[in-house]
Structures are given as C-alpha cells and as structure tokens.
Amino acid sequence: MTACTALLAITTAQANDSTGYVGTGGVQYLKNNNISMHSEDLYISKDKIRVNYEFKNLSNKDITETLLFPLPPVPSQLESDFADTTRLVDSFKVLSNGKAITPKTHVRTFMYPIVIKNGEKTYAGKAVDTTELFKACGVKDSEMMTPWTNQGETDKVDKKLQNCTDKRINQFIDVNEEDSYISWDSQIVYSWQQTFKAKAITKINHAYQPLVGGSVHLGEEEFATFCVDGPTELGLSKTGARPYHALSYILTTGANWAKPIANFKLTVERDPNELVSFCWRGKGKVKKIGPTTFEIKETNFVPKHDFEVAFIMKTW
C-alpha cells in the first residue's frame, strides 16, 4: 500500500457535512464559531462510505443550524460505464442521535459559458450556476435531477433549453444551430435542520454507496499521479493489464467548524484481489490493521486537502 494523490476526470467526489444554506446563486458554506467537530470516524470502500460524527456545542445556548451535504455535479450526458448515481441517491441515510431523519433534497444545474477564441467557439473552463435560468426556461426540479434518477433521459430538458426565449441561454448554447450540443451538470444537495444542545455532544451518522469511477487500464504515465511505488508495482498483474477504480472524498469542508477536529480516524478497505493507493499529508501514519484494511488517526486535525483513492486489481 502506498500514499498518493489522484484526481481523474472520472473520479467522483463525496463530502463532509458543513453548516450553510442553499442560496439562489449557489450553495453557500458558513463557518460556525460555536460548534466544534469533536470526532470524525470515516470508513471508505468501493461499496460503502460510512461517517460517524460527534459535534460539540461550545456555547451556553442551544443552536439550530442547517447542515448541508453536497453531492458532486454529474454531467447530463453520461457514459454507459459512469458511476451508479441512482444507487447513491437511493442508499443515502442520515441518523441524528440515533434517530433516522429525512433530509430535504435540493438540485442545482451548471453550464459552461461559450467563449469565442481566435474566431472559434469553445467553452470556459469554469462552470456557472444556471439553476434560475433553467427554471426561467420551464425546467422543473425533477427534470434537473434526471442525470441522477434516469440516466441519459435528458432530451426533454435539452429541448426546453433549445426553445428557451430567455436571452441568457445564449451565453451557453447556440440556439441558431439546430443540432447544437447541449451539456449541463446536475448537483444534488441534502440539507436538514439540526439542533445542537448547549455544552453537549450531538451524534450524526450517515452512510451511502459512493460514486466510483475507473478505467480498464492504469497507464505507467499515471503511476506518479497515484504514487505507485516499486513494491506496489511488483504486486500488479504480470499480464500488463491494470484495471482500477477510484473515488474522491471532500474532507476540506470539515474545516468549517470552531476548532480543529479533535479526534479523526480514517479506515480504508480494499477487496482481497486489489491493491490500494492514496496520499495522506497529515501527521498521522498509515497503518495496516487487517489483511485488506488500513487506518489513519489524527488529533487536532485541520483538513487542508481532499482524499482520493485508487483500487487497482492485482490480477485480470
């Protein structure tokens, strides 16, 4: 097992809880100076992500906050082997002090503005929140969620955008081109009201099946990205085939609390026929605690980077 940083276009991200609100201009995050994350116990495998939190209200008064859990934006035009978005949505569960709660579901859309460069049409590198524009074009929330709930069934949305009379749409699609390619992203954000009792610990647990990307082959040019060192390379398939899966977890929103995370534990589990590779920049050491399980512990932890992990098959 080695440590590495990996960021793939097909790698998909999950996230820590954060306080905040869902605004018209996008999802906003707030730093709460009265609530600390006392502990975070995070388990990651290809099949499940499970997180157990303990939050402490440092004040003498009860505090009610809106907690946000954002899922990553996914494209409207999904490849056939894209991660199973529907299964994630169906599997998402939240417990507050041991009681199941039903979070509200918000959906946002994003598009890349058209840019004319040297007389040729291209697209900007950063997406813009287009949720309100979609609504102005008659697109319903349920339709914005189609990349998550009905993969590939976005023709109805595309047609509404193509026929939209709101001139803002011209920033993103060429309505004069009959076969203009329309691409947009959909993001789901879960939210719920949470009361933190004064001077008390509040326990929050959630679990879900993660979005997992991957490829049929991990090329040698990607070894540095995944920090595939000598011992790991020796464990790879001798046939030259190196299929792998990868996922990403957003840790940095865990810094949106009053103090560093007092006690942090990360457990990563791989399948028996896999190697696992990831990076860790904290002070804690990566320890192998079982045949397929690895653990990192931190104290007074301030997450400054997100976590990406690759699961590489040893045989094919």
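Keep in mind that what you see is a predicted model, and the values were worked out from it rather than measured.
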Name all residues meeting the salt bridge (Lys or Arg N to Asp or Glu O under 4.0 Å) criterion together with Arg87; count only those two or more places apart in sequence or in a different chain, and write none if there are none. Asp84
Indicate, with yes or no, if Leu95 and Leu68 share a hydrophobic cluster defined by side-chain heavy-atom contacts under 4.5 Å among Ile, Leu, Val, Met, Phe, Trp and Tyr. no
Residues Lys160, Glu143: salt bridge by 4.0 Å N-O rule: yes
side-chain contact (heavy atoms from CB on, under 4.5 Å) against Lys135, all qualifying residues, sequence neighbours excluded: Thr131, Glu132, Asp141, Met144
Between atom CG of Asp41 and atom CG of Leu266, what is the distance when rounded to the nearest 0.5 Å? 9.0 Å
Do Val286 and Val268 have side chains that approach each other closer than 4.5 Å (heavy atoms only, starting at C-beta)? no
Rounded to the nearest 0.5 Å, what separation is found between the CG atom of Asn205 and the CG atom of Asn52? 4.5 Å
Taking a hydrophobic cluster as the set of Ile, Leu, Val, Met, Phe, Trp and Tyr residues connected by side-chain heavy atoms closer than 4.5 Å, whether directly or through intermediates, do Val51 and Val302 fall within one such cluster? no
Phe172 ring center within less than 6.0 Å of Tyr112 ring center: no
Set out, in order, the CA-CA distance, both residues' side-chain angles and the distance that settles side chain to side chain donor-acceptor pair (under 3.5 Å) for Asp306 and Thr252, then state yes or no. CA-CA 6 Å; Asp306 296 324; Thr252 48; 3.0 Å; yes
Counting distance only, does the side-chain N/O of Thr86 pair as donor-acceptor with the main-chain N or O of Trp148 below 3.5 Å? yes
Treating Ile, Leu, Val, Met, Phe, Trp and Tyr as nodes and any side-chain heavy-atom pair under 4.5 angstrom as an edge, say whether Ile169 and Val128 lie in one connected cluster. yes
Side-chain donor-acceptor contact under 3.5 Å, Ser191 with His106: yes
Quick one: are Ile201 and His38 in side-chain contact, heavy atoms under 4.5 Å? yes
For Glu308 and Ser248, test the side chains for any donor-to-acceptor distance below 3.5 angstrom and give the result as yes or no. yes
Flag yes if Ile296 and Ile289 sit in one hydrophobic cluster, no otherwise; membership is Ile, Leu, Val, Met, Phe, Trp, Tyr, and two members link when side-chain heavy atoms are under 4.5 Å apart. no
Between the side chains of Thr154 and Ser76, is a donor N or O closer than 3.5 angstrom to an acceptor N or O? no
Do Leu42 and Leu251 have side chains that get closer than 4.5 Å, going by heavy atoms? yes
Please examine the side chains of Ile182 and Gln162, heavy atoms only from C-beta on, and report whether any two atoms are closer than 4.5 Å. yes
Could you tell me the separation between the CG atom of Leu247 and the CZ atom of Phe311, rounded to the nearest 0.5 Å? 5.0 Å
Heavy-atom distance under 4.5 Å between the side chains of Trp184 and Pro147, does that happen here? yes
Does the side chain of Asp185 reach to within under 4.5 Å of the side chain of Val74, using non-hydrogen atoms? no
Between Lys93 and Asp90, is there a donor-acceptor pair closer than 3.5 Å when you use the side chain of the first and the backbone of the second? yes
Taking the six-membered ring for Trp, are Phe301 and Phe264 parallel (under 30°), tilted (30 to 60°) or perpendicular (over 60°)? tilted
So, for Ile63 and Ser59, which heavy atoms are closest and what is the spacing to 0.1 Å? CD1-OG, 3.6 Å
Asn57 side-chain N/O to Lys61 backbone N/O, donor-acceptor pair under 3.5 Å: yes
Between Tyr208 and Phe69, what is the ring plane arrangement, given parallel below 30°, perpendicular above 60°, and tilted in between? perpendicular
Using side chain to side chain contact (heavy atoms under 4.5 Å, CB included), reason through Phe134 and Leu161 one step at a time and then give a plain yes or no. CA-CA 7 Å; Phe134 272 52; Leu161 296 177; 3.6 Å; yes
If you round to the nearest 0.5 Å, how far is OG of Ser39 from CD of Glu54? 3.5 Å
Is Asn97 reaching over with its side chain to a backbone N or O of Lys203, donor-acceptor style, under 3.5 angstrom? yes
Please answer whether the main-chain N or O of Gly284 pairs with a side-chain N or O of Glu298 as donor and acceptor at a distance below 3.5 Å. yes
Mind running side chain to side chain contact (heavy atoms under 4.5 Å, CB included) on Met313 and Tyr244 for me, showing each step along the way? CA-CA 6 Å; Met313 290 187 65; Tyr244 70 102; over 6 Å; no
When rounded to the nearest 0.5 angstrom, what is the spacing between OG in Ser96 and CZ in Phe55? 10.0 Å
Report the C-alpha separation of Thr267 and Ile44 in whole Å, then their side-chain angles, then the decisive distance to 0.1 Å, and conclude whether the side chain to side chain contact (heavy atoms under 4.5 Å, CB included) test is met. CA-CA 6 Å; Thr267 304; Ile44 293 178; over 6 Å; no
Okay, side chain of Asn300, backbone of Ala262: is any donor-acceptor separation there less than 3.5 Å? no
Quick one, Ser277 with Val309, criterion side chain to side chain contact (heavy atoms under 4.5 Å, CB included). Give me CA distance, side-chain angles, the key distance, then yes/no. CA-CA 6 Å; Ser277 192; Val309 57; over 6 Å; no
Shortest non-hydrogen separation from Asp62 to Ala198 and the atoms involved: OD1-N, 2.9 Å
If we only count heavy atoms from C-beta on, is the Pro303 to Ile261 side-chain gap below 4.5 Å? yes
Closest approach of Cys137 and Asp166, non-hydrogen atoms and distance? SG-CB, 4.4 Å
Please indicate whether Lys199 has more than 12 foreign heavy atoms, meaning atoms of other residues, nucleotides or ligands, lying under 6.0 Å from its NZ. yes
Rounded to the nearest 0.5 Å, how far does CG of Asn263 lie from CE of Met37? 12.0 Å
After noting the C-alpha distance and the side-chain angles of Thr64 and Gln194, does the key distance pass the side chain to side chain donor-acceptor pair (under 3.5 Å) rule? CA-CA 5 Å; Thr64 299; Gln194 180 68 51; over 6 Å; no
Candidate pair Asn32 and Glu65, rule side chain to side chain donor-acceptor pair (under 3.5 Å), full reasoning: CA-CA 9 Å; Asn32 193 299; Glu65 283 279 13; 2.3 Å; yes
Determine, for Tyr43 and Arg50, whether the Lys NZ or Arg CZ falls below 6.0 Å from the six-membered ring centre while staying within 45 degrees of the axis. yes
Note, Phe294 side chain near Glu269 side chain (heavy atom, < 4.5 Å): no
Any donor-acceptor N/O pair, Glu274 side chain to Asp271 backbone, under 3.5 Å: yes
Working note: Thr66 + Gln193, criterion side chain to side chain donor-acceptor pair (under 3.5 Å); need CA distance, chi angles, decisive distance, verdict. CA-CA 5 Å; Thr66 299; Gln193 292 287 303; 2.5 Å; yes
What are the two closest heavy atoms between Ser186 and Met145, and how far apart are they? OG-CA, 4.1 Å
Thr130 side chain to Leu133 backbone, donor-acceptor under 3.5 Å: no
Met111-Val115 co-clustered via ILVMFWY side chain contacts under 4.5 Å: no
Would one find more than 12 heavy atoms of other residues, nucleotides or ligands at under 6.0 Å from atom NZ of Lys297? no
Which heavy-atom pair separates Lys197 from Thr202 by the least distance, and what is that distance? N-OG1, 4.1 Å
Take atom NZ of Lys46 as the centre, draw a 6.0 Å sphere, and report whether it contains more than 12 heavy atoms from other residues, nucleotides or ligands. yes
Centres of the Tyr190 and His206 rings: under 6.0 Å? no
